[in-house]
Amino acid sequence: MAADTTVETQQTALSGVARVLVHAGKLNARTAEDLARSARERKTSFVSAVVAAGALKPDELAHALSGALALPLLDLNAVDLQKLPRNLLDARTAAQYQVIVLGKRGNRLFIGAADPTDQEAVERIKFATQLTPEWVIVEYDKLMRQLDAQGQSANEVLESLAGEDFDFDVSDDTTTTAEAEVSTEVEDAPVVRFLQKMLIDAINARASDLHFEPYEYNYRVRFRIDGELREITQPPIAIKDKLASRIKVISRMDIAEKRVPQDGRMKLKFGSKAIDFRVSTLPTLFGEKVVIRILDPSSAKLGIEALGYEKVEKDRLLAAIQRPYGMILVTGPTGSGKTVSLYTCLNILNQPGVNIATVEDPAEINLPGINQVNVNDKAGLTFAAALKAFLRQDPDIIMVGEIRDLETADIAIKAAQTGHLVMSTLHTNDAPTTLTRLLNMGVAPFNIAASVLLITAQRLARRLCEVCKKPAEYPREALLKAGYTDADLDGSWKPYRAVGCSACNNGYKGRVGIYQVMPITESIQRVILSEGTALDIAEQAKREGVRDLRQSGLVKVRQGVTSLEEVITVTNE
């Protein structure tokens with residue numbers, strides 16, 4: 001009787017998982033008490049003490065708790081851990097309470113844990129997320145491997161990332177004393193190697209931009225690859241200020257100013273090779289967001305063959321840029337490849353006997369042999385001011401980064417009418433609406449008709465991966481609705497769809513241009529002079545064999561270069 005009383009007393013002293021396991025008959029009370037004492041002394045969890053002592057295997061422990069507490073059991077090996085939500089609970093809390101977030105539904109947060117009896121964890125998670133935790137039992141060893149992997153990824157990124165074979169080019173004469181102090185403070189810190197690693201990874205992944213984004217409980221890094229943003233890592237939130245300061249130092253920004261957006265540039269050197277980056281900072285609620293644009297000089301030297309022009313479109317463009325004077329306009333939204341198209345044309349025209357000048361905001365890629373000027377509004381160096389100066393510099397070809405106002409448009413058109421070839425960009429949806437945009441700016445119709453030679457509208461569509469793409473079956477009605485004609489659907493070709501493999505990004509790899517190349521013919525000039533609408537211009541261009549963006553995209557689908565879904569997405573005007 002006394003022995004029974006002793007056991008009852010021991011069971012009463014036990015709590016949480018220990019008590020559950022004793023009641024379930026998986027541990028005797030004395031063993032449970034010894035393990036609980038060991039856990040308290042080592043300041044570890046009772047579950048870890050059980051597994052470490054070999055009292056129960058992780059899977060036996062998980063099954064016992066699941067049965068005793070009537071909670072679901074999940075095998076973490078059967079879950080794609082990369083797709084689990086990461087921004088619902090900060091990594092520090094997850095590591096402290098040894099839990100992993102599995103998902104969210106409504107106001108319920110599903111938490112994987114080896115010890116679902118920890119009331120302190122319940123309250124802390126509820127407070128941090130404002131959601132109600134729902135426990136799911138997971139095996140202790142698999143849970144710890146996942147938590148260790150998360151911790152290692154942060155540590156690897158921060159402590160053992162990059163070698164010393166590359167460095168940032170920081171100009172001493174433009175660095176202030178305060179900046180130098182911050183630079184020295186973080187020069188040998190892990191944050192420097194982290195930044196270098198991210199830039200190298202972005203270049204290797206063919207990314208166009210890097211986003212460093214601070215939030216209340218986490219800090220994430222995303223790359224824009226083939227036009228899509230992808231989350232790459234979540235470094236510790238504690239590095240956000242040092243990282244922003246480091247980027248601002250090497251980009252020659254004011255590190256003390258955190259209240260307004262700033263712009264700068266930096267250069268990463270690999271021995272004799274160097275890559276430029278354009279940097280932009282933006283104050284947000286929880287710190288400065290930094291976006292870094294990779295300026296790849298090789299993109300300007302791809303050659304017109306690599307840009308995706310069809311033969312008739314390429315011939316029209318090459319004929320226009322060989323004209324001695326006039327205006328060529330490239331249109332499209334931000335990120336549609338307008339700058340690369342212009343630089344490609346400039347490279348073709350860049351000969352020793354030709355004087356080329358460009359004014360940009362800012363000059364993205366350095367082109368030897370071309371005089372490039374950066375806009376500086378604060379100093380009064382606007383597009384219009386630079387253009388006026390260019391006309392006194394005996395230019396043959398002028399490139400204006402963007403026509404934004406009537407003054408710039410007027411000077412550019414006058415230059416095109418007085419013996420100069422002028423190239424520029426506008427933000428319009430397609431080629432015909434570019435002409436009406438100039439009219440709306442206040443440019444006279446006869447000036448447009450007399451000066452504009454050709455307008456190119458463009459988009460970038462993702463290329464299908466050649467490794468994994470597969471033929472797709474679409475209803476005939478869907479293909480007709482997309483823009484194909486009955487004659488196109490003659491059965492001589494098949495569209496392809498994205499699949500996805502280890503060599504690509506969800507079935508796509510790289511991008512290809514889709515173009516509408518519209519020469520300004522005498523017929524279109526007459527429509528402009530009669531103040532015709534964009535629809536009138538589009539109808540006349542169609543009669544002259546000019547494909548619109550959708551039709552150009554459908555040609556790429558027939559060639560198996562991209563998918564129908566992608567073309568519909570990028571040309572859905």
Tightest non-hydrogen contact, residues L317 and V517, listed as N-CG1, 4.4 Å
- request: Evaluate the side-chain contact (heavy atoms from CB on, under 4.5 Å) criterion for residues V291 and V279: first the C-alpha distance (whole Å), next the side-chain angles of each, then the deciding distance (0.1 Å), finally the verdict.
  value: CA-CA 6 Å; V291 175; V279 183; over 6 Å; no
For N350 and G369 the tightest heavy-atom approach is OD1-O, 3.6 Å
Do I455 and T331 have side chains that approach each other closer than 4.5 Å (heavy atoms only, starting at C-beta)? yes
OG (S45) and OH (Y97) are apart, to the nearest 0.5 Å, by 13.0 Å
- Query: Where do D430 and D548 land on the side-chain contact (heavy atoms from CB on, under 4.5 Å) test, with the steps shown first?
  - Reply: CA-CA 8 Å; D430 58 14; D548 61 22; over 6 Å; no
Applying salt bridge (charged side-chain N to carboxylate O under 4.0 Å, His left out) to D405 and not counting sequence neighbours gives none
* To do: Could you label the plane-to-plane angle of the F194 and F212 rings as parallel, tilted or perpendicular, counting under 30° as parallel and over 60° as perpendicular?
  => perpendicular
Scanning both residues in full, the closest heavy-atom pair of T284 with P214 reads OG1-CG, 4.0 Å
In D361, T382, L426, T425, the residue satisfying side-chain contact (heavy atoms from CB on, under 4.5 Å) with R404 is D361
When rounded to the nearest 0.5 Å, the distance separating CG of N347 from CG of L342 is 11.5 Å
In this structure, CD of E288 is separated from CD of E257 (nearest 0.5 Å) by 8.5 Å
Next on the checklist: Just so I know, are the side chains of R206 and D226 near enough to count as touching, which here means a heavy-atom distance under 4.5 Å?
Outcome noted: yes
A62 and L73 have their tightest heavy-atom pair at CB-CD1, 3.7 Å
Contact between I275 and K267 at the side-chain level, heavy atoms closer than 4.5 Å - yes or no? no
**Message:** For a 4.5 angstrom cut-off between non-hydrogen side-chain atoms, does R224 reach R230?
**Reply:** no
Checklist entry - Under 3.5 Å, side chain of Q458 to main-chain N/O of G337, donor-acceptor pair present? => result yes
(request) Given salt bridge (Lys or Arg N to Asp or Glu O under 4.0 Å), test R222 with D209 step by step and report yes or no. (result) CA-CA 8 Å; R222 294 192 291 175; D209 302 86; over 6 Å; no
Q: Before giving the answer on side-chain contact (heavy atoms from CB on, under 4.5 Å), spell out for Q98 and M144 the whole-Å C-alpha distance, their side-chain angles and the decisive distance to 0.1 Å.
A: CA-CA 7 Å; Q98 296 181 349; M144 295 311 295; 4.0 Å; yes
Any side-chain heavy-atom pair of I237 and E216 under 4.5 Å: no
Tested for side-chain hydrogen bond (donor to acceptor under 3.5 Å, both in side chains) against H211, the lone hit among R220, K289, E231 is K289
Could you pull out all donor-acceptor pairs under 3.5 Å where a side-chain atom in residues 126-135 meets a protein atom, sequence neighbours excluded?
residue : atom : partner : partner atom : Å
T129    : OG1  : I125    : O            : 2.7
T129    : OG1  : L131    : N            : 3.2
Q130    : NE2  : F127    : O            : 2.9

- So do H427 and P333 actually touch side chain to side chain, heavy atoms under 4.5 Å? no
Review point. Is K240 positioned over the aromatic face of Y219, cation under 6.0 angstrom from the ring centre and no more than 45 degrees off axis?
Key: no
CG of D254 to CZ of R259, rounded to nearest 0.5 Å, is 9.5 Å
Query raised in the report: Would Q234 and E213 satisfy side chain to side chain donor-acceptor pair (under 3.5 Å), going step by step from the backbone distance to the final call?
Result: CA-CA 10 Å; Q234 288 199 14; E213 302 169 315; over 6 Å; no
Here the pair of heavy atoms bringing R547 nearest to S552 is CB-OG, 3.6 Å
Using atom types as modelled and distance alone, determine if a side-chain donor or acceptor of R550 lies under 3.5 Å from a backbone N or O of A482. yes
Notebook entry, point to check: Does a donor on one side chain and an acceptor on the other come within less than 3.5 Å for E466 and Y496?
Noted result: no
- Salt bridge between D241 and K258, side-chain N to carboxylate O under 4.0 Å? no
- prompt: Are the side chain of T562 and the backbone N or O of R463 linked by a donor-acceptor pair below 3.5 Å?
  reply: no
Q: Could you tell me whether the side chain of Q372 and the main chain of T358 form a donor-acceptor pair under 3.5 Å?
A: no
Practice item. Report yes or no: does K470 contribute a side-chain atom to a donor-acceptor pair with the main-chain N or O of R497 at less than 3.5 Å? Key: no
Do T233 and M198 pass the side-chain contact (heavy atoms from CB on, under 4.5 Å) test, and can you show the C-alpha distance, the side-chain angles, and the key distance before you say yes or no?
CA-CA 9 Å; T233 185; M198 290 296 98; 4.0 Å; yes
Checklist entry - Any sub-3.5 Å donor-acceptor pair from E566's side-chain atoms to S563's backbone N or O? => result no
**Asked** Between N374 (side chain) and A363 (backbone), is there a donor-acceptor pair under 3.5 Å?
**Response** yes
dist Y515:OH -> Y309:OH (nearest 0.5 Å) comes out at 4.5 Å
The reported gap from CG in N440 to OG1 in T428 (rounded to nearest 0.5 angstrom) is 11.5 Å
Smallest heavy-atom separation, A207 atom then I294 atom, equals O-CD1, 3.3 Å
Next on the checklist: Just so I know, are the side chains of K104 and F110 near enough to count as touching, which here means a heavy-atom distance under 4.5 Å?
Outcome noted: no
Would you mind reporting whether E360 and V400 have side-chain heavy atoms less than 4.5 Å apart? no
